[in-house]
Amino acid sequence: MSESTPSQSAAPSPSQTVSIPLNDHERMEKIVALTKRRGFIFQSSELYGGINGAWDYGPVGTLLKRNVKDAWWRAMVQDREDIVGLEAAILMHPMVWKASGHVDGFSDPMIDCRTCKKRFRADDLEGAVCGLKPSKHPGKEGRDACGGDLTEPRNFNLMFETALGPLSDTSAKCFLRPETAQGIFVNFANVVSSTRVKLPFGIAQIGKSFRNEINPRNFTFRSREFEQMEMEFFCVPGTDDEWFQKWVETRWQWYLQLGLKKDRLRLRPHDKLAHYSKATTDIEYLFPFGWGELEGVANRTDFDLRQHQRGVRSLAAWQKLENGDLASLPLADEEAEYHKGKLSYFDDEKKQRYIPFVIEPAAGADRATLAFLCDAYDEDGAPDAQGKVETRVVLRFHPRIAPVKAAVLPLLRKDGHPERAEKLYKDLRKRWMVEYDESAAIGKRYRRQDEIGTPLCITIDHQTLTDGTVTVRDRDSMTQQRIAEDQVARYMHETLGLL
RNA sequence: GCGGGAGUAAUUCAGUGGUAGAAUGCCAGCUUCCCAAGCUGGACGUCGCGGGUUCAAGUCCCGUCUCCCGCUCCA
């Protein structure tokens, strides 16, 4: 890199910038407004008044989310030799969800009380306690009834149903996947037989999932359509505890390395475990609206692979199912020799066949993207041309996830600056997402780039035309330095760590 | 699903039942040798949507949708 003397411009020094504290609610509203104003996130179908629990990513948000997913893929697949990728279909055989437990687990009818505002399971109304009168049972009639006004039982089925094929028919009912994980489990045998993977190894997948959330809330945090980054790590039974700890640590580090503030991250081990899980630890981020789960790391044991062996044995019964009611279908018992079944693994070293255990780090792509946005949002004071301190909005993204890596700006819109700048821009954009902007004053263009978190601004001025140097302005400190134009790519590579 | 608040330009917000407004942003041009400068011009609204009351509704009433907050829910 060519060293250069810092420019003697009017650029403020870092010590002049002071962060301005915001209360959480105000902060979240500003983030939501910024993401719309600058093209990160729009509400789905906004033109038609919006649709609950779905969001669209605009031009800048698409770049951000893509960078988040790329960073995950790079860390989980490209940089490792023990994990391979997969892209399973969203539509799967209905029996997948019977075997996984989703059909049964998601069909609990619920009853709300309009009087005491509590919610009860319909099948446990007798044992339930009224929210206002703890000695009484919810309801208007019967023994010890509290007199409350109850709603009819409602099914809270979290899976979206759809029909396979254009003709409506109960046997063609299928679901939009509520998690990508099952696509991995049902392809376990395919991956083992088509690649040279050996235990322990993982299968990673990024893709959309759908859940009929009862109450979408908190911007994109809880949506009905969302994207997951999931990996199922298959290991030898008995080594699962160790791998579980390793994955909690590995995934924790991933968020830190991409710049999330450590004091806004925490691990939360679960006390109450799901039926499939031996241990679960969530990685949570302190959003302006409170702590929220970014990722859950679970020890799923051998539950899923064993369940799918039972599922496959239940196919004949499914075909005879007349009402299409999967919940009423009993899943076939396990074979006595289940460990030698279809989804078992033959260990060449041990000369043994067994069902692997599975550690699952399951992250939300939209949640991670939102966390990076919230974490990056900052306001500081920057002096304007007259020296008066104005509020500056800046997204301090890690360069790896910043939507735009650099902006190329001609200082003036004449004297050959634009032509020279455009040449550099066209060169850089072959390698990175780079923007060109010649409109308005230079200060305004810097602030525009600050608002979408562009780490560097490269400015072409008169000196460029005489000695071939440009100024590089740093987003966070707003300081500038001069480097040779032909060293810009190298500079970006070295200072941003971009490849 | 319950309760509360809100919905007017891209954003933040004014708007007394009587012609739809401001600031910022955006676009074009001029100017400008580095931090939202200045000047000139411009585009942008079925006032979330649908009913009702009224001579007349952004404003009052009802319904609905969406967002935010608190509950609830989150195998």
Side-chain angles (χ1 to χ4, degrees), chain A residues 7-12 16-17 24-25 28-30 32-39 42-55 58 97 100-108 110-121 131 149 151-152 154 156-159 178-179 211-219 221-222 272-277 288-290 292-293 296 382-393 409-415 417 439-451 457 459-465 470-471 473 475 478-480:
Chain A
S7 130
Q8 296 298 310
S9 71
Q16 284 174 276
T17 68
D24 289 340
H25 187 249
M28 197 63 213
E29 298 212 318
K30 287 190 170 189
V32 172
L34 174 67
T35 58
K36 183 174 184 194
R37 186 158 46 83
R38 287 299 183 193
F42 309 121
Q43 189 180 6
S44 169
S45 312
E46 191 195 26
L47 185 63
Y48 283 94
I51 183 170
N52 191 261
W55 301 88
W97 308 111
S100 71
H102 286 82
V103 167
D104 302 336
F106 278 144
S107 57
D108 297 329
M110 305 292 283
I111 289 174
D112 286 292
C113 177
R114 296 189 185 96
T115 310
C116 73
K117 315 300 181 196
K118 292 273 283 182
R119 176 171 286 171
F120 310 98
R121 289 171 63 118
D149 183 14
T151 63
E152 289 300 301
R154 277 184 301 262
F156 284 76
N157 191 337
L158 262 61
M159 285 200 291
E179 63 176 22
R211 288 183 199 177
N212 252 321
E213 295 283 357
I214 292 165
N215 193 355
R217 203 42 93 76
N218 291 329
F219 200 30
F221 182 80
R222 182 173 296 168
K272 215 175 76 182
L273 295 172
H275 61 277
Y276 56 75
S277 171
F289 48 78
E293 178 190 346
D384 66 10
Q386 282 74 46
K388 186 172 162 249
V389 174
E390 300 279 354
T391 300
R392 179 179 76 127
V393 173
L409 316 169
L411 183 59
L412 300 180
R413 215 168 166 180
K414 58 180 186 183
D415 300 342
H417 294 187
S439 79
I442 189 71
K444 182 174 284 191
R445 283 177 273 161
Y446 285 151
R447 300 302 174 83
R448 271 185 199 142
Q449 295 300 329
D450 290 339
E451 281 201 338
C457 287
T459 303
I460 274 67
D461 57 15
H462 277 163
Q463 199 179 327
T464 311
L465 306 180
V470 298
T471 65
R473 180 257 195 191
R475 175 195 66 200
M478 294 189 287
T479 54
Q480 288 174 286

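Hydrogens, waters and symmetry mates play no part in the numbers below; they use all other heavy atoms, side chains included. Every chain is numbered from 1, with letters handed out A, B, ... down the list of sequences. Since this is a predicted model, take the numbers as computed values, not measurements.
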What integer number of Å spans the [atom1] atoms of [N] and [M]?
| N | M | atom1 | result |
| --- | --- | --- | --- |
| B:G7 | B:U16 | P | 13 Å |
| B:A20 | B:G45 | P | 14 Å |
| B:C44 | B:C69 | P | 35 Å |
| B:U54 | B:C62 | C1' | 16 Å |
| B:G70 | B:U19 | C1' | 43 Å |
| B:U53 | B:C13 | C1' | 29 Å |
| B:G25 | B:U11 | P | 15 Å |
| B:A56 | B:G63 | P | 23 Å |

Inset, instruction - List the protein contact pattern of nucleotides 61-69 of chain B with one symbol per nucleotide (5' to 3'): B for base contact, S for sugar-phosphate-only contact, - for none; contact means a heavy-atom distance under 4.0 Å. - result: ----SSSSB

Inset, instruction - Show your reasoning for whether side-chain contact (heavy atoms from CB on, under 4.5 Å) applies to A:Arg448 and A:Lys444. - result: CA-CA 6 Å; A:Arg448 271 185 199 142; A:Lys444 182 174 284 191; 3.9 Å; yes

Legend entry - Heavy-atom pair of closest approach, residues A:Gln43 and A:Ile51: NE2-O, 3.6 Å

May I have the distance from [X] (atom [atom1]) to [N] (atom [atom2]), rounded to whole angstrom?
| X | N | atom1 | atom2 | answer |
| --- | --- | --- | --- | --- |
| A:Glu46 | B:G45 | CD | P | 14 Å |
| A:Asp450 | B:C34 | CG | P | 18 Å |
| A:Leu47 | B:C49 | CG | P | 11 Å |
| A:Lys444 | B:A36 | NZ | C1' | 6 Å |

Base partner of [N], which must satisfy Watson-Crick or wobble distances under 3.5 Å:
| N | value |
| --- | --- |
| B:A6 | B:U66 |
| B:C55 | B:G18 |
| B:C44 | none |
| B:C39 | B:G29 |
| B:A23 | B:U11 |

Legend entry - salt bridge (charged side-chain N to carboxylate O under 4.0 Å, His left out) partners for A:Glu451, two or more places apart: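 If we apply the salt bridge (charged side-chain N to carboxylate O under 4.0 Å, His left out) test to A:Glu451, skipping adjacent residues, the hits are A:Arg37, A:Arg38.
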
Legend entry - Listed partners of A:Thr459 passing side chain to side chain donor-acceptor pair (under 3.5 Å), at least two apart: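 Residues passing side chain to side chain donor-acceptor pair (under 3.5 Å) with A:Thr459: A:Tyr446.
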
Inset, instruction - Identify, with sequence neighbours excluded, every residue that meets side chain to side chain donor-acceptor pair (under 3.5 Å) alongside A:Ser277. - result: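 A:Ser277 satisfies side chain to side chain donor-acceptor pair (under 3.5 Å) with A:Thr280 only.
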
Inset, instruction - Kindly say if A:Lys36 contacts the phosphate of B:A10, meaning a side-chain N or O under 4.0 Å from OP1 or OP2. - result: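 Answer is no, no contact under 4.0 Å.
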
Inset, instruction - Taking only the side-chain nitrogens and oxygens of A:Lys30, find out if one of them lies under 4.0 Å from OP1 or OP2 of B:U11. - result: no

Inset, instruction - Take A:Leu158 and A:His102 through the test side-chain contact (heavy atoms from CB on, under 4.5 Å) and record every step on the way to the result. - result: CA-CA 9 Å; A:Leu158 262 61; A:His102 286 82; over 6 Å; no

Legend entry - Closest to the A:Ala33 side chain, choosing from B:C26, B:C35, B:U11: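 The answer is B:U11.
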
Legend entry - Shortest side-chain distance from A:Asn215, nucleotide among B:C34, B:C27, B:U72: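 Side chain of A:Asn215 sits closest to B:U72.
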
Inset, instruction - State, yes or no, whether a side-chain contact exists between A:Pro178 and A:Trp97 at a heavy-atom distance under 4.5 Å. - result: yes

Inset, instruction - Report which part of the nucleic acid A:Ala441 touches: base, sugar-phosphate, or nothing (heavy-atom distance under 4.0 Å, all strands). - result: base

Between the protein and nucleotides 4-6 of chain B, list the N/O to N/O atom pairs that are separated by less than 3.5 angstrom.
none

Inset, instruction - Look at the side chain of A:Arg445 against the base of B:C35 and say whether a donor-acceptor pair falls under 3.5 Å; ignore hydrogens and angles. - result: no

Inset, instruction - Identify the residue among A:Leu409, A:Thr471, A:Asp450 that makes a side-chain contact (heavy atoms from CB on, under 4.5 Å) with A:Cys457. - result: A:Leu409

Legend entry - Of A:Glu451 and A:Tyr276, the one whose closest RNA chain B nucleotide lies more 5':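 Nearest-nucleotide comparison on RNA chain B picks A:Glu451.
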
All N/O pairs under 3.5 Å across the protein-nucleotides 28-31 of chain B interface:
unit_1 : atom_1 : unit_2   : atom_2 : d
B:G29  : OP2    : A:Arg413 : NH2    : 2.7

